[in-house]
Amino acid sequence: MSDESRTPVALAGLRADDPRLEPSARNPHVVEAVIAGLMVVGTLCTAGFGAAFWVNAKPWILGATLGGGLLFLGLGLIAWGKYLMPRGPFVEERHPLANDEAEREGLASVLVDRGASVIRRRPLLGGLLGGGMGIFGIVALFPLLRSLGPLPKGTLFHTDWRKGSYLVDQTGRRIHEGDLAVGSIVTVFPEGTENTDRGQAVDQTVLIRLSNENYVTQKGRATWGPKGYVAYSKLCTHLGCPVGLYEQQLQLLVCPCHQSMFNVTDGAMPTFGPAPRPLPQLPLYIDGEGYLRAQADYDQPVGPGFWERGRS
Amino acid sequence: MSDVAGAATTKRARRNGAGRYGRLGQVVNELDDRLGVAKGGRTFLDKIFPDHWSFMLGEIALYSFLVLLVTGIFLTLYYVPSSAVVTYHGPYLPLDGQRVTQAFESTVNLSFSVRAGLLMRQMHHWACDIFVGALVVHMARVFFTGAFRKPRELNWTIGVTLLTLAIANGFLGYSLPDDLVSGTGIRIAYSILLSIPLVGTYLAFWVFGGNFPGTAIIPRFFILHVLIIPLVILGLVGAHLALLVRQKHTQFPGPGREENNVVGSPMFPVFMAKTTGYLFGVSGVIALLGAFAQINPIWQFGPYDASRISYAVQPDFYMGFLDGALRIFPAWSFMGFGHTIPLEVTIPAVILPGLLFGLAYAWPALERRVTGDHAIHHLLDRPSWRPKRTAAGVAALALLSALFIASSTDVIANFFHVSLNTVLWAMRVIVVLSPFVAYPITYKICKELQGVHGAGKRKTPNLVLRTDEGEYVAEPTPAYPEDVHQELEPTPVPTFIEEAGVEAEAATPGVRIVER
C-alpha cells in the first residue's frame, strides 16, 4: 500500500432531509401502492409462466405469461426509479480528456524518435520485416479465399440441357405432345435432373402451349416451337427468381419478385419491370414417339447478368 | 509511518469498515485488497445519466440484442444447419411426406415439438426487427442532435458498423430456415453478388462454395449468424459502451447543464432501477409480440425448391429499401467490350447502399469540413438550430422511406386497383423527388422554429391591450405555473446520507473523513 492511499479523504454527503433526496411523486404512498400492485401482477404472471411451461400449455399462453411477468415487473421497477427514488438533480464534473502538451509530446516522441532511431540503425531488417509481413498478408488472403469455392470457369454458361434431352415434369414423367392443352403451362427439366439441386436451380424451364400449329416466336427460330410448344428458361434475367406466374390472357410470364413481365409470343421479350433481357428460349422438337425433346442447350447463359457474360 | 503502524492502521480501518457496513463492507474490503476496485467502482456507481427520453432509444437496441442472444442460444440447441434432404414426418400434417432439408425440418420441429420453441423463434424474429428499428431511431437521435460531433466521431463510426452488421446478420438468420421465401432471398443475394463487375462471379462462387444453391451455404450462414457476426457485434457494443463511459454522456443545454458537467441521475440506484426495469419491459413486449403476433410461419411457405416461388416474396423490413430500389430501377444493362454490367442490379443493390452507408460513415468529417467547427461539443443541438444538417437527415430518411414504400408496388396496385405501371412510375417520381422536396421543407420549418419565441414550449396566450392613446400592444401572459422551471440546484452525488437528528461525526456537516 502506498502512502497516498492511507491519507484521509473527505466523502461528500447530504442530509436526509435534503429536497434532492425527496421522491418526485406528489403522493409517494399512492405510487408505492400502484407499484406494489404491478409487481404482484408481474410475480403472478411469472409463476404462471412456470406453471404453463410445466403443463406444456399453448405457445400464446407461454408468451402471455412470460411477457406479462417481465413487463409488469419492469414497469414497477421503472416507476420505482422514476417516482420514488431521489429526484436530484445530481451533477458530475466532466474533465477534459485531452492531456497537456508535454504528455502529448512525450507519446509522439516515443513513437517517432524512439521508433525512427531503431529503424534508422537497421534499415535492412525493417525493410525485410515489412516486406515479409506484406507477403504473408497476401499469401494468407488469397489461398484462403480460393479454398472457399471453385472458380466459376464456364459453369455459368451451360445448363444440363443436351441435344435430345427429354422434357420431364417435376415427377420425372416425360412430356408427350398431347399432354398440354393450348394455353397450359408446366415446369420442365432435362430428364434425370428433376430432383437435383442444379436441375431445380439452373435447368428449370417453362413449357407453354401457345397453339396447335408450329409457333415461331422470333426470326431465326423457325423450328423451335413444334405444334405450338415453346420453352423458355424459368430464371428471371433480373435476379434469377423463378418466373412463376403466367398471365394467360395477355400471354405474359410474370416474375413475382420484382414484377418483370415477358411476352411469350415474342421471344419472351421483357415488356415491363427491371429485367433487361428476354428469357432464353430452348429449341424443341417432337420425336417419332411424340415426346418433346431439346434440340440443343440454350444458346446463351440463363438467369441474371454478370461481368463475363458478353453481349448476347 | 512505519510498516507496522501502517498495517495496524489498515487493520483498524478494515475492522471499522466491517463494523459500520457489515458483511457487504467486508466483501468490499476483500475485493479491494485483491482488485483495487473501491475507487473505480464508486466512480462507476456515481456515473450520471441525463434524464431525457431520447437517451433510452439506444437502450431498446441493447436490450433487444440481449433477447436475441438468449433466444438465439435456445434455438441453436435444436436447429440443424444442414442441406441434407430428408422426408418430413411430424406433427404438421400438410407437410407430411415432403422432401425437405434438415434445416427446414429442424426449424419446423423446434416450432411444433419443442416446448416453448415456437415462442422462442417468434421472439427471436421480433427482437431482430426491433433491434434494427431501434438502431435506426437511435442513430437518427444522435444525428439530429449533433451527438456525433467531436469527440464522439469514433463512436458514431462504431454505431454505423453495428447497424450494417445487424442488417447483415438479420438477413443471414432469415435465410437459415431454408423455406421457400428465404431461399428466394438467398437466390437474389447470389444474383446481386454476381452483378458486381470484374469480381462478381468469383465472389458469388466463393460465398456459395460453387454454383447456386450448393450445400455449403446453410452451414456457412449458420456459423456466421450464430458465432462470428454476434461476436463482432458483442465486441463493438462493448466498445460503444466503454467509449460512452470514458467520454461521458452528452446532454441538452439547460439550467445548470454546461459543457463541463453532466446533470441527471446517478447509476446507482436510480438509473440502475430504471434501466433494469427497461430491460424487463423490452423483453416483456417482445415476449408478448412473440405470443400474439405471428411472424414468419415457414410451414405455410413450405421448403425451398429453386424452381418454385411464392407470391408473397417479401424480405424483413430493413431490407425493404433495397427491394424497392431493385423494383423501380429501370432495365439499364450495360453491354459492351465483351462484358456485361447489370446496372439494373449493381446500381440499386450495391452502389446505392454503398453510397448511403458511406455517407453515414463520412458525415462527421464532412460536417467538420463544411462548418469548419473543430471544437469539442458535449451539449446537444436542437434540430432546428442546425437547419442544413436536419434537412439533409430528413432528406435521407425521405429517400429511404420512399424506397421502402416502393418495395410494395404490387400490393399498392392491387389495393387501390390501379395499374402496376402507374404505381411504378409514380414511385420512380416520388423516390427521385422525395429528398429534393424534403430538404427545403425541413429547412424552412427549422428556420421558422428558430424565429418562434419559446419554440418547443407550451404557448401562452397574448394579451392585447389598448393604451390611452389608442395604440394596441400585445403582451405575452406569464407562463403556466407548471411550465416554470423549478429544478433545484444540481449537487454531486452524495456518498453517504446523514440521518436527520443524528449527530454528524465530522466537523463540517455533509462531509465525512475516512481513513484509507
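Keep in mind that what you see is a predicted model, and the values were worked out from it rather than measured. These numbers come from the heavy atoms of this one structure, side chains and all, not from hydrogens, waters or symmetry mates.
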Shortest non-hydrogen contact from [X] toward [Y]:
X        : Y        : value
B:Val263 : A:Pro89  : CG1-CB, 3.7 Å
A:Gly81  : B:Val270 : O-CG1, 3.6 Å
A:Val91  : B:Pro490 : CB-CB, 3.8 Å
A:Cys257 : B:Ile188 : SG-CD1, 4.0 Å
A:Trp60  : B:Ala291 : CB-O, 3.5 Å

Take atom [atom1] in [X]; do more than 12 heavy atoms of anything else shown fall under 6.0 Å from it?
X        : atom1 : answer
B:Arg99  : CZ    : no
A:Glu32  : CD    : no
B:Phe208 : CZ    : yes
B:Arg308 : CZ    : no
B:Glu259 : CD    : yes

Sort [X] into side chain, backbone, both or neither according to what part of it lies under 4.5 angstrom from a heavy atom of chain A.
X        : value
B:Ile341 : side chain
B:Phe334 : neither
B:Arg220 : side chain
B:Asp51  : neither
B:Pro342 : side chain
B:Phe329 : backbone
B:Thr409 : side chain
B:Gln247 : both
B:Leu289 : neither
B:Asn211 : side chain

Between [X] and chain B, with a heavy-atom cut-off of 4.5 Å, which part of the residue counts as in contact: side chain, backbone, both or neither?
X        : answer
A:Lys82  : both
A:Phe189 : side chain
A:Gln200 : both
A:Thr237 : backbone
A:Leu21  : side chain
A:Leu245 : side chain
A:Ala201 : both

In the structure I gave you, are the side-chain heavy atoms of [X] and [Y] within less than 4.5 Å of one another anywhere?
X        : Y        : answer
A:Glu92  : B:His249 : no
B:Val345 : A:Pro304 : no
B:Leu119 : A:Leu66  : yes
B:Leu194 : A:Leu156 : yes
B:Trp206 : A:Leu151 : yes
A:Leu148 : B:Val207 : no
B:Leu198 : A:Glu308 : no
B:Leu424 : A:Phe272 : yes

Euclidean distance, [Y] [atom2] relative to [X] [atom1], rounded to 0.5 Å:
X        : Y        : atom1 : atom2 : value
A:Arg146 : B:Tyr202 : CZ    : OH    : 9.5 Å
A:His95  : B:Asn261 : NE2   : CG    : 11.0 Å
A:Phe306 : B:Ser195 : CZ    : OG    : 12.0 Å
A:Met85  : B:Met272 : CE    : CE    : 10.5 Å
B:Phe280 : A:Leu77  : CZ    : CG    : 7.0 Å
A:Arg277 : B:Met335 : CZ    : CE    : 5.0 Å

Q: Assess whether side chain to side chain contact (heavy atoms under 4.5 Å, CB included) is satisfied between A:Ile78 and B:Tyr278, documenting all intermediate values.
A: CA-CA 7 Å; A:Ile78 292 171; B:Tyr278 209 55; 3.9 Å; yes

**Q.** Interface residue of largest heavy-atom contact number with chain B, from A:Gly273, A:Cys255, A:Pro150, under 4.5 Å
**A.** A:Pro150

Q. Most heavy-atom pairs under 4.5 angstrom with chain B, which of A:Leu235, A:Val202, A:Leu84, A:Thr65?
A. A:Leu235

So, does [X] use its side chain to make a donor-acceptor pair with the main chain of [Y] at under 3.5 Å?
X        : Y        : answer
A:Arg309 : B:His339 : no
B:Arg187 : A:Gly240 : yes
A:Arg20  : B:Glu489 : yes

Q) Top residue by heavy-atom pair count (under 4.5 Å) with chain A, among B:Asn260, B:Val262, B:Leu343, B:Thr495? A) B:Val262

Q) Per the side-chain hydrogen bond (donor to acceptor under 3.5 Å, both in side chains) rule, which among A:Gln259, A:His258, A:His238 passes with B:Arg327? A) A:Gln259

